[in-house]
Amino acid sequence: MSGQQDRKFVVQAGGQLTGSFRVAGDKSISHRSIMLGSLAEGVTEISGFLDGEDALATLAAFRAMGVKIEGPVDGKVTVHGVGMHGLMAPENDLYVGNSGTSIRLLSGLLAGQSFDVIMSGDKSLSGRPMRRVTDPLALMGAQIDTTDGKPPLTIHGGHKLAAINYDLPMASAQVKSCLLLAGMYAEGTTCVTEPAPTRDHTERMLQGMGYPVNVQGNRISIKGGGKLTATSIDVPGDISSATFFMVGAAIAPGSDITLQHVGVNPTRIGVINILREMGADISLSNEAVTGGEPVADIRVRYAPLKGIDIPEDQVPLAIDEFPAIFIAAACAQGRTVLTGAEELRVKESDRIQVMADGLQALGIDAQPTTDGMIIEGGVIGSGEVDSHGDHRIAMSFAMAALQAGGAIQINDCANVATSFPNFVELANNSGLQIDAFDV
Ligand code: S3P
């Protein structure tokens, strides 16, 4: 849970989504803009920054390590880079709340510093696996203590890092990025091989700031000892946040929405591919490239959906979108089967179990499996669900109300503020009826 209080949503049944607007800034790119901007030489100007708790946790961590950062004001942040070796020891432990991206990427970056740091997080983060980063970092010579493989982490600075060749055991952009950031401080060339493509924002931003990264197929390498040059960074809307509205419009007859200036990096558009295969009417316009990242306006108009077998190659490209995709599946005609998605069990919550429980509470036949779910499309009923403090589960069930037979109450919603602070406002402006209560 974030902050002192918890929240619950009560969402009235029915309605449709209309309008044209911009969703919150991309979380992954916001984190990376602070991290790389801080290590750059010069002043990085960021616009479109996500003013949400996760990105702010990264921002606070770098401020605590002596980086002067102004903002965010209206999505604008100015980072006065200190160079690759300019960070200073923080006075206190770094608390990064709910943010897996902060703790995992920072582990790599901090392993190369000269000082010690302790990083901790909230209840959800404290239950998430960290050996996936600390094991390969140890191979590079880093010294990091975990708490039974989980946070808090103690990173002991002052150890020389050596490059490694590493085959990632799972498709994870956080692990890949962690090793690339450590690789900047290592002697030699660090090579990371991915089992499947994952989001490549780190690689793109490193290159945009003048740090060479070699990408050959699924093998990414970086040579230590380089430097970053400050630049301006335009953070697009987060396709993961746009997803809730895409799914809402796809399931509610009469809907027609346009989400402006959304990041449509090919490593992030699994949700578009999957929803289209289910029959959704999605079109892209105003396609452009900004700061090395493709963007577009995404228009979604209601069209009937059908159940599908979700192609496994789309799983890493839609990894954060499955809670919402499960809602689309519940509203589709026929059966949807997801396999190859065991990673969902170690996200902000166990997204397979928590979504299956919620769907069942609303009368949908949803059977969890070890690596996915089998959902029979049906009629969503009224009821109460628990998001287990998982922002994306809360927002997904809010959209389910568009097609529900009665109101849906969603508990434990405070963490919506981690990735999408103005979700309720945008949802209510576009046709949902959400009342949010502090409890
Ligand atoms: C992220 C990578 C993904 C994703 C997370 C953000 C990133 O995690 O789920 O929300 O910014 O690199 P994994 O690397 O664990 O798949």
Side-chain angles (χ1 to χ4, degrees), residues 24-36 49-50 52-55 57-58 96-109 121 124-125 127-136 149-151 166 168-182 192 194-206 220 233 235-236 238-244 263 265 267-271 293 312 314-325 340-352 355 371 389-393 395-396 415-416 418-420:
D26 188 280
K27 185 152 75 69
S28 294
I29 299 176
S30 294
H31 281 297
R32 289 155 172 82
S33 68
I34 297 291
M35 294 179 190
L36 299 187
F49 185 78
L50 168 64
E53 289 170 6
D54 273 22
T58 290
V96 295
N98 195 242
S99 179
T101 306
S102 304
I103 201 163
R104 293 206 180 110
L105 271 60
L106 278 173
S107 300
L109 197 156
S124 155
L125 190 65
R128 297 185 64 189
M130 294 296 140
R131 291 215 167 96
R132 54 180 58 200
V133 290
T134 58
D135 283 352
K150 296 177 176 152
Y166 192 69
L168 290 178
M170 74 292 286
S172 166
Q174 289 178 351
V175 180
K176 170 179 67 174
S177 301
C178 163
L179 299 179
L180 294 177
L181 296 179
V192 185
E194 317 190 81
T198 65
R199 66 191 70 194
D200 63 356
H201 307 301
T202 305
E203 297 89 305
R204 287 174 188 252
M205 200 179 288
L206 283 168
I220 303 121
I233 297 172
V235 181
D238 197 326
I239 193 166
S240 299
S241 297
T243 288
F244 306 109
N265 179 314
T267 59
R268 298 285 300 279
I269 58 167
V271 63
E293 290 281 352
E312 285 197 7
Q314 295 301 310
V315 170
L317 313 182
I319 194 65
D320 289 340
E321 283 61 85
F322 285 103
I325 291 169
E342 50 282 297
E343 276 293 303
L344 292 182
R345 292 205 177 267
V346 290
K347 293 294 178 188
E348 286 84 326
S349 70
D350 175 345
R351 287 182 173 162
I352 292 176
M355 282 303 300
D371 66 342
D390 186 323
H391 54 138
R392 301 201 194 285
I393 287 184
M395 292 184 274
S396 299
N415 278 338
V416 167
T418 61
S419 67
F420 203 164

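Whatever order the structure lists them in is the order used to number ligands and atoms, beginning at 1.
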Salt bridge flag under 4.0 Å for residues R345 and D371: no
Under-4.0 Å heavy-atom contact with ligand 1, by part of E348 that carries it: neither
Closest protein heavy atom (residue, atom, distance) for atom 12 (O) of ligand 1: R32 NH2, 2.6 Å
Nearest non-hydrogen partners of M395 and S419, listed with the distance: CE-OG, 3.6 Å
Residues R199 and T267: side-chain donor-acceptor under 3.5 angstrom: no
H201 contact mode with ligand 1 (heavy-atom cut-off under 4.0 Å): neither
Charged N-O contact under 4.0 Å between K347 and D390: no
Top protein contact for atom 14 (O) of ligand 1, by heavy-atom distance: S172 OG, 2.6 Å
Contact (N/O only, under 3.5 Å) between Q174 and ligand 1: yes
Sub-3.5 Å N/O-N/O distance, S28 and ligand 1: yes
H201-S28 side chain donor-acceptor pair, cut-off 3.5 Å: no
Element-labelled atoms of ligand 1 that are located less than 4.0 Å from some non-hydrogen atom of R104: 15 (O)
K176 to ligand 1, any heavy atom closer than 4.0 Å: no
Any donor-acceptor N or O pair under 3.5 Å, side chains E321, S240: yes
Salt bridge (Lys or Arg N to Asp or Glu O under 4.0 Å) partners of K27, counting only residues at least two apart: D54
Proximity flag M170 to ligand 1, non-hydrogen atoms under 4.0 Å: no
Partners passing side chain to side chain contact (heavy atoms under 4.5 Å, CB included) against A171 (at least two apart in sequence or in another chain): P195, A196, T198, P316
Minimum-distance protein heavy atom relative to atom 3 (C) of ligand 1: K347 NZ, 3.9 Å
Nearest protein heavy atom with distance in Å, relative to atom 10 (O) of ligand 1: D320 OD2, 2.8 Å
Enumerated ligand 1 atoms positioned under 4.0 Å from heavy atoms of T101: 1 (C), 6 (C), 7 (C), 11 (O)
Short side-chain donor-acceptor distance under 3.5 Å, Q174 and T101: yes
Heteroatom distance test (I319, ligand 1): nitrogen or oxygen, under 3.5 angstrom: no
